Amino acid sequence: MSELIIFGSGGHAKVVIEAVRARTPDRPIILIDDDPSAAGRVVLGIPVSGTRDWIASNISGSPVALGIGNNRGRSELLDWLASEGCEVEPVVHPSAIVGSTVSIGAGAFVAAGAVLIADSKIGEAAIVNTAASVDHDCQIGKAAHIAPGVRLCGNVSVGERSLIGVGTAVRPGMSIGADIVVGAGSAVVTDLIEAGTYAGCPARRIDA
Ligand SMILES: CC(C)(COP(=O)(O)OP(=O)(O)OC[C@H]1O[C@@H](n2cnc3c(N)ncnc32)[C@H](O)[C@@H]1OP(=O)(O)O)[C@@H](O)C(=O)NCCC(=O)NCCS
């Protein structure tokens, strides 16, 4: 089995490592991180092997998974890996329920207990986190993050790099644009178009 390079060594990388081990316990994992403070770090028993320069010398062509939680950073990393010709793998925890008509983009992550069904599309580098649910016909944009316990009803769209905060509920058919943050525990009952931060029940703009 080919080794997997995981880019990142913080909290989100831990979650990704666990998911890879749950699916393929014997798969070798290499950790890479650009953050200088990560040098010498050991995460769940795996030492950080180097920075992105290490990838340039990765002549074996091992696939890469994305282990960083910041949405913009993850998006830019995906673009860089593509420009380097790297294969970028999605990671799906084996306890997630993923319908046969759901598509999952390169570098996306689906965490333990998530439920994704019926024609939903999970964009490249997107995260559907622990026990979140994504109902039929949802569209999750590139590098968006659906946080733990979020409930997306059917036909919801979430734009690129947006974060839907933990435990939020989104009414059927709502459109949430790009670069939007929805605060923890919110209820989205109208479309959210402009980039910015929204929170509450119902979710309203809090940074304007
Ligand atoms: C919405 C959020 C981004 C705002 O963070 P912030 O910019 O630091 O804002 P503050 O904490 O200073 O709060 C600003 C105001 O918004 C309110 N507010 C913040 N988060 C809120 C929320 N989730 N719901 C309702 N009101 C909220 C605060 O009470 C405060 O109100 P006040 O001005 O009347 O006192 C943050 O609170 C949040 O919920 N983040 C989501 C985190 C998450 O789910 N991460 C996923 C990890 S896997």
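All of these numbers come straight from a predicted model, not from anything done at the bench. All ligand and atom numbering here is 1-based and tracks the order in the structure.
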| field | Residues which pass ring pair (Phe, Tyr, Trp, His ring centres under 6.0 Å) with His12, listed by chain and number, not counting sequence neighbours | value | Phe109
| Would a 4.0 Å cut-off, counted as strictly less than, catch a protein heavy atom around atom 23 (N) of ligand 1? | yes
| said: When you measure from atom 30 (C) of ligand 1 to the protein, is at least one non-hydrogen atom found at a distance under 4.0 Å? | reply: no
| said: Less than 4.0 angstrom from a charged side-chain N to a carboxylate O is my criterion; do Arg151 and Asp135 meet it? | reply: no
| Salt bridge Arg23-Glu89, side-chain N to carboxylate O under 4.0 Å | no
| query | Nearest protein heavy-atom contact for atom 1 (C) of ligand 1: which residue, which atom, what distance? | reply | Gly183 CA, 3.5 Å
| task | Measure from atom 40 (N) of ligand 1 to every heavy atom in Gly165, Ser186, Ala184 and give the option owning the shortest one. | result | Ala184
| task | Classify the side-chain pair Arg171/Thr190 by whether it contains a donor and acceptor separated by less than 3.5 Å. | result | no
| query | Just which atoms of ligand 1 are under 4.0 Å from any heavy atom in His145? | reply | 48 (S)
| Short check: is a protein heavy atom less than 4.0 Å from atom 10 (P) of ligand 1? | no
| query | What do you reckon, does Gly185 put a non-hydrogen atom under 4.0 Å from ligand 1? | reply | no
| Are there more than 12 heavy atoms of other residues, nucleotides or ligands under 6.0 Å from atom CD of Glu194? | no
Indicate every side-chain donor-acceptor pair of residues 34-42 with a distance under 3.5 Å to a residue at least two apart or in another chain.
{"unit_1": "Asp34", "atom_1": "OD1", "unit_2": "Arg52", "atom_2": "N", "d": "2.8"}
{"unit_1": "Asp34", "atom_1": "OD2", "unit_2": "Arg52", "atom_2": "NE", "d": "2.6"}
{"unit_1": "Asp34", "atom_1": "OD2", "unit_2": "Arg52", "atom_2": "NH2", "d": "2.9"}
{"unit_1": "Asp35", "atom_1": "OD1", "unit_2": "Ser37", "atom_2": "N", "d": "2.9"}
{"unit_1": "Asp35", "atom_1": "OD1", "unit_2": "Ser37", "atom_2": "OG", "d": "2.9"}
{"unit_1": "Asp35", "atom_1": "OD2", "unit_2": "Ser37", "atom_2": "OG", "d": "2.9"}
{"unit_1": "Arg41", "atom_1": "NH1", "unit_2": "Ser9", "atom_2": "O", "d": "3.3"}
{"unit_1": "Arg41", "atom_1": "NH1", "unit_2": "Ser9", "atom_2": "OG", "d": "2.8"}

| query | Looking only at heavy atoms, which two atoms of Ile46 and Leu31 are closest? And how far apart? | reply | O-CD1, 3.6 Å
| query | Are the side chains of Ser175 and Ser157 in touch, meaning some heavy atoms are under 4.5 Å apart? | reply | yes
| task | Could you tell me which non-hydrogen atom of Ser186 sits nearest to which non-hydrogen atom of Ala203, and how far apart they are? | result | CB-CB, 4.3 Å
| request: For residues Asn155 and His136, determine if any side-chain heavy atom of one lies less than 4.5 Å from a side-chain heavy atom of the other. | output: yes
| query | What residue and heavy atom of the protein are closest to atom 20 (N) of ligand 1, and at what distance? | reply | Ala199 CB, 4.5 Å
| message | Determine whether any protein heavy atom is located less than 4.0 Å from atom 16 (O) of ligand 1. | response | yes
| field | Ligand-residue contact atoms, ligand 1 with Ala147, heavy atoms, under 4.0 Å | value | 46 (C)
| field | Nearest non-hydrogen protein atom, atom 4 (C) of ligand 1 | value | Ile206 CD1, 4.2 Å
| request: Go through ligand 1 atom by atom and flag the ones less than 4.0 Å from a non-hydrogen atom of Pro148. | output: 48 (S)
| Would you say atom 35 (O) of ligand 1 touches the protein, meaning some protein heavy atom is under 4.0 Å from it? | no
| task | Write out the residue and atom name of the closest protein heavy atom to atom 2 (C) of ligand 1, then the distance separating them to 0.1 Å. | result | Thr197 CG2, 4.3 Å
| So which heavy atom in the protein is nearest atom 3 (C) of ligand 1, and how far is it from that ligand atom? | Val181 CG1, 3.7 Å
| note | Of all protein heavy atoms, the one nearest atom 44 (O) of ligand 1 is Val166 N, 2.8 Å
| query | In terms of residue, atom name and distance, what is the protein heavy atom nearest to atom 42 (C) of ligand 1? | reply | Leu163 CD2, 4.5 Å
| query | Do Val134 and Val102 sit in the same hydrophobic cluster, where Ile, Leu, Val, Met, Phe, Trp and Tyr count as joined when their side-chain heavy atoms come under 4.5 Å apart? | reply | yes
